[in-house]
Amino acid sequence: MKLSINPYIGLKRVLAIGFFVIGLLGCANQVTTVPTENWQVEIAPDVWVSMPEPSDLGYTLDASQLISAKWQGQTNQLPVQLQVNEDKLVLVGFSSWGTRILSLEYQDDKVDSQILAGIDSQEIMPEKILFNLMLTLWPTESWEQPLSNIGWTLVDTPKHRQLLNENGEAVIDIQYSAMPHLEGEILFSDNKLGYFISIKTLTYEQ
């Protein structure tokens with residue numbers, strides 16, 4: 001099954017919520033479960049890419065982060081928690097007043113997302129959130145085959161990463177201020193959609 005993402009639907013809402021999320025929500029929440037055997041995300045109109053496995057990160061990770069998203073002159077902040085082990089990736093995002101907004105679990109080629117009641121899952125787009133997360137942190141090698149299948153490329157230097165489309169255009173720019181990357185601020189820019197995200201890791205364990 002393929003998961004269709006229209007990046008132009010509810011982008012402002014996405015940025016207000018952020019793009020890193022984990023955990024479980026209460027029984028009052030709306031629940032969306034998306035099982036697949038070969039999970040793919042639409043990253044451009046009619047362009048689908050397969051996702052790496054959680055284990056392709058190469059290490060376990062438990063991190064607390066603060067996300068600042070800027071779009072159309074507005075800035076929103078989101079505290080988040082991320083956990084990755086050999087079997088699965090789990091993330092949770094909170095509102096500024098501490099309410100869990102959305103949780104997502106990626107395991108065995110299946111994505112389970114749970115969204116706070118009253119929030120449209122099409123506006124949050126958890127698949128886009130997960131794609132941005134993995135594109136930022138997963139090693140270049142884990143993306144080589146999936147991207148080569150669609151003619152796209154991930155160009156990596158120690159402190160700069162670019163996602164290039166089939167025409168060689170830079171769709172996404174990612175700047176890392178430190179090595180290892182989690183030690184400093186990460187700046188994520190979507191050149192097509194015009195939004196900017198700053199990621200600061202507050203604490204992490206590997």
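Throughout, numbering of the chain's residues begins at 1 and tracks the sequence. As the structure is a prediction and not an experimental result, all values here were calculated from the model. Computed from heavy atoms alone, side chains included, the values below leave out hydrogens, waters and symmetry copies.
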Distance from [X] atom [atom1] to [Y] atom [atom2], nearest 0.5 Å?
X: L187; Y: D173; atom1: CG; atom2: CG; value: 10.5 Å
X: E169; Y: W152; atom1: CD; atom2: CH2; value: 9.0 Å
X: I197; Y: K70; atom1: CD1; atom2: NZ; value: 12.0 Å
X: T201; Y: I186; atom1: OG1; atom2: CD1; value: 5.5 Å
X: Q40; Y: D109; atom1: CD; atom2: CG; value: 10.5 Å
X: N85; Y: T60; atom1: CG; atom2: OG1; value: 7.5 Å

Could you see if [X] belongs to whatever hydrophobic cluster contains [Y]? Use Ile, Leu, Val, Met, Phe, Trp, Tyr and a side-chain cutoff under 4.5 Å.
X: L202; Y: F94; value: no
X: Y204; Y: L82; value: yes
X: Y59; Y: L135; value: yes
X: F188; Y: L164; value: no
X: I199; Y: L66; value: no

Check: Q77/S68 side-chain N/O donor and acceptor closer than 3.5 Å: yes
Side-chain donor-acceptor pair under 3.5 Å between D112 and Q107, yes or no?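 There is no such pair between these side chains.
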[X] side chain to [Y] main-chain N or O, any donor-acceptor pair under 3.5 Å?
X: N132; Y: I129; result: no
X: W138; Y: E53; result: yes
X: D190; Y: I172; result: no
X: S177; Y: E185; result: yes

Quick one: side-chain hydrogen bond (donor to acceptor under 3.5 Å, both in side chains) partners of S142, sequence neighbours excluded?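 For S142 there are no side-chain hydrogen bond (donor to acceptor under 3.5 Å, both in side chains) partners, ignoring immediate neighbours.
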Side-chain touch T153/L147, heavy atoms, less than 4.5 angstrom: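 Counting from C-beta outward, T153 and L147 never come under 4.5 Å.
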Do L182 and L137 come close enough that some side-chain heavy atom pair is under 4.5 Å?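 Result yes, sub-4.5 Å side-chain heavy-atom pair found.
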Y176 and H181 aromatic ring geometry - parallel, tilted or perpendicular at 30°/60° bounds: parallel
Start with the C-alpha gap between W48 and F131, add the side-chain angles, then the distance that decides, and say whether ring pair (Phe, Tyr, Trp, His ring centres under 6.0 Å) holds. CA-CA 11 Å; W48 299 84; F131 171 75; over 10 Å; no
Is the closest basic N to carboxylate O distance between K110 and E105 below 4.0 Å? no
Check against side-chain hydrogen bond (donor to acceptor under 3.5 Å, both in side chains), D156 and Q162: CA-CA 7 Å; D156 211 1; Q162 281 189 316; over 6 Å; no
